[in-house]
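Residue indices begin at 1 and follow the sequence shown.
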Amino acid sequence: KIMSGFTDNGYEIEMSGSVGQAGFTYMDTLKELGTIYEFVGKTEVDVGNLITPWGTYEPKKPGLINVEGREVKQVGIVVEDAEKAARAYWDLFGFGPWMFVDFKPPNISGVKLHGIDMFDGVDFHVRAALADFGNMQIELLEPVTGPSTYMEFFNKHGQGIHHVSFGESEDHNEVVSTMQNHGIEIEMTGVLGSSLRFTYMETQKDLGTIFEVIHTDPETEITLMPYGTYPPS
C-alpha cells in the first residue's frame with residue numbers, strides 16, 4: 001500500500017531486494033525530500049534467516065561520550081528549498097505542521113565557522129523548516145546566502161542528511177570539550193533566539209555525519225519566532 005501510494009504519485013523505486021526474510025525498498029525521493037527513504041517489510045516467501053555476520057566489534061573501554069539515556073532527537077537535512085520540501089513531506093507522509101524560521105540576524109548571533117566569526121560584513125541567511133514526528137524532529141535547512149556548514153555541505157554533496165542530534169544536552173560544554181581533547185574540532189557554533197546554543201562537531205570523517213550538541217540557557221527567554229507555517233494556521 002505504501003509503495004503504491006508513492007508510485008501512483010510519480011515516485012520511482014531506486015532499489016529493492018531482500019535480506020533474509022526482510023524486504024527493503026529505497027524510493028527515489030532525493031529531489032523532493034532531500035534524502036532517500038527506505039521501507040522495510042517481511043517478504044512473502046519464507047527464505048529463512050540468510051544473514052550471516054562477517055564479524056563483530058567488542059570495545060575494550062567505554063566511549064568518550066556517555067550515551068545512556070540519550071536518543072537521537074533530530075535529523076537535519078540540507079535541501080534546495082525548505083518550504084517546498086516541507087510541503088512534499090506533508091503531502092507524502094502527513095509530517096507536520098511545519099514551522100518556518102529564518103536563521104539570520106537578529107535571530108542568530110555569535111556564529112563561528114571553523115573558528116572564524118561570521119557576522120563582520122557577511123550576509124548570513126539560512127531558511128529552516130521544522131516539524132515533529134513522534135519523538136523525532138525533522139529540520140530542513142536551505143542555505144540562502146553566506147558561508148555556513150550548510151552551504152559547505154550543499155556545495156560538496158547537494159541535498160542530503162547534514163547532521164543528527166541528541167537534542168537538549170545539559171552537559172553541552174563537557175561534551176564539546178571532551179571531543180576537542182580527542183582531536184574533534186568544532187565545525188560551526190552559534191546562538192539561536194538569544195538562548196539556544198548549537199554546536200556542530202566535525203565528526204563526519206569518523207562517523208559519516210556531523211553530530212550537533214545543543215543547550216538552552218534557562219535564564220534567557222527564547223526570542224526565535226517563525227515567519228510562517230504549513231499548512232497555514
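- Residue Phe95 comes nearest to Trp98 through the heavy atom pair O-NE1, 2.8 Å, listed as atom of the first residue, atom of the second, then distance.
- In the hydrophobic cluster analysis, where Ile, Leu, Val, Met, Phe, Trp and Tyr join through side-chain heavy atoms closer than 4.5 angstrom, Leu140 is grouped together with Ile161.
- In this structure, the separation between CZ on Phe153 and OG1 on Thr209 is 7.0 Å, given to the nearest 0.5 Å.
- The two residues Ser195 and Val191 make their nearest non-hydrogen contact at N-CG1, 3.6 Å.
- Scanning for salt bridge (charged side-chain N to carboxylate O under 4.0 Å, His left out) contacts around Asp217 gives an empty result, with sequence neighbours left out.
- Between Gln159 and Val78 there is no side-chain heavy-atom pair separated by less than 4.5 Å.
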Under the ring-ring contact (aromatic ring centres under 6.0 Å, His included) rule, what do Phe198 and His215 come out as? Steps first, then yes or no, please. CA-CA 7 Å; Phe198 65 89; His215 178 63; over 10 Å; no
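- Closest approach of Gly167 and Ile214 over heavy atoms only: O-CG1, 3.2 Å.
- Atom CG of Asn107 is separated from atom CG of Leu196 by 12.0 Å, given to the nearest 0.5 angstrom.
- Both Trp90 and Tyr227 sit in one connected hydrophobic cluster of ILVMFWY residues. Membership requires side-chain heavy atoms under 4.5 Å apart, directly or through other members.
- Contacts of Glu142 classified as salt bridge (charged side-chain N to carboxylate O under 4.0 Å, His left out), with partners at least two apart in sequence or in another chain: Arg127.
- Under the salt bridge (charged side-chain N to carboxylate O under 4.0 Å, His left out) criterion, Glu170 pairs with no residue, sequence neighbours left out.
- When side chains are defined from C-beta on, Gln204 counts as touching Glu202, because their heavy atoms get closer than 4.5 Å.
- Ion pairing between Asp81 and Arg87 fails under the 4.0 Å rule for side-chain N and carboxylate O.
- Using a 4.5 Å cut-off on side-chain heavy atoms (C-beta onward), Phe154 and Pro143 make contact.
- Contact check for Thr149 versus Ile210: side-chain heavy atoms found under the 4.5 Å cut-off.
- Hydrophobic clustering of Ile, Leu, Val, Met, Phe, Trp and Tyr side chains at less than 4.5 Å, counting indirect connections, keeps Phe100 apart from Val144.
- In this structure, the separation between CE on Met27 and CD on Glu14 is 9.5 Å, given to the nearest 0.5 Å.
- When the side chains of ILVMFWY residues are joined at heavy-atom separations under 4.5 Å, either directly or via intervening members, Met151 and Ile77 end up in two distinct hydrophobic clusters.
- Within a 6.0 Å sphere centred on CG of Asn135, other residues, nucleotides and ligands contribute 12 heavy atoms or fewer.
- Take Lys104 and apply the salt bridge (charged side-chain N to carboxylate O under 4.0 Å, His left out) test, not counting sequence neighbours, and it matches no residue.
- In this structure, OG on Ser165 lies 12.0 Å from CD on Glu71, to the nearest 0.5 angstrom.
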With side-chain contact (heavy atoms from CB on, under 4.5 Å) as the criterion, how do Phe24 and Met15 come out once you've worked through the C-alpha distance, each side chain's angles and the decisive distance to 0.1 Å? CA-CA 8 Å; Phe24 63 88; Met15 178 179 172; 4.3 Å; yes
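- The two residues Ala82 and Ala129 make their nearest non-hydrogen contact at O-CB, 4.0 Å.
- Using a 4.5 Å cut-off on side-chain heavy atoms (C-beta onward), Lys73 and Met136 make no contact.
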Applying side-chain contact (heavy atoms from CB on, under 4.5 Å) to Met188 and Lys112, what does each step give before you reach the verdict? CA-CA 6 Å; Met188 178 173 160; Lys112 290 187 177 183; over 6 Å; no
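- Ring planes of Phe39 and Phe93: tilted class, angle from 30 to 60°.
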Would you list the atom pairs, donor with acceptor, under 3.5 Å between side chains in residues 28-37 and any protein atom, with sequence neighbours excluded?
residue, atom, partner, partner atom, Å
Thr29, OG1, Thr35, O, 2.8
Thr29, OG1, Tyr37, N, 3.2
Tyr37, OH, Tyr89, OH, 3.1

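- Remark: aromatic rings of Phe211 and His163 are distant, center separation not under 6.0 Å.
- Looking at residues two or more places apart in sequence or on another chain, you find no side-chain hydrogen bond (donor to acceptor under 3.5 Å, both in side chains) involving Ser148.
- With rounding to the nearest 0.5 Å, the separation of OG1 in Thr216 from CD in Glu221 is 13.0 Å.
- Contact annotation: the side chain of Pro147 approaches that of Met118 to within less than 4.5 Å [non-hydrogen atoms, C-beta and beyond].
- Connectivity analysis of hydrophobic side chains (ILVMFWY, heavy atoms under 4.5 Å, direct or indirect) links Ile186 to Leu64, Ile65, Val175, Val176, Met179, Ile184, Met201, Val213.
- Residues forming a side-chain contact (heavy atoms from CB on, under 4.5 Å) with Pro53 (at least two apart in sequence, or on another chain): none.
- Looking at every heavy atom in both residues, Leu130 comes nearest to Val101 through CD1-CG2, 4.0 Å.
- In this model, a donor atom of one side chain and an acceptor atom of the other lie less than 3.5 Å apart for Ser194 and Thr223.
- Contact of the Gln74 side chain with the Val72 side chain is not registered, since no non-hydrogen atoms from C-beta on lie closer than 4.5 Å.
- Listed here is the closest heavy atom pair of Thr199 and Arg197: OG1-CD, 4.0 Å.
- Rounded to the nearest 0.5 angstrom, Thr178 OG1 and Gln180 CD are separated by 9.5 Å.
- Residues forming a ring pair (Phe, Tyr, Trp, His ring centres under 6.0 Å) with His114 (at least two apart in sequence, or on another chain): none.
- Scanning for side-chain contact (heavy atoms from CB on, under 4.5 Å) contacts around Pro105 gives Ile108, Phe119, with sequence neighbours left out.
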Steps toward side-chain contact (heavy atoms from CB on, under 4.5 Å) verdict (Leu141, Phe103): CA-CA 9 Å; Leu141 296 153; Phe103 293 170; 3.9 Å; yes
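- For the side-chain contact (heavy atoms from CB on, under 4.5 Å) test, residues two or more places apart in sequence or in another chain that qualify with Asp91 are Tyr230.
- With sequence neighbours left out, Thr145 forms a side-chain contact (heavy atoms from CB on, under 4.5 Å) with Asp123, His125.
- Checked by atom type, the side-chain pair Thr25/Glu38 shows no donor-acceptor distance below 3.5 Å.
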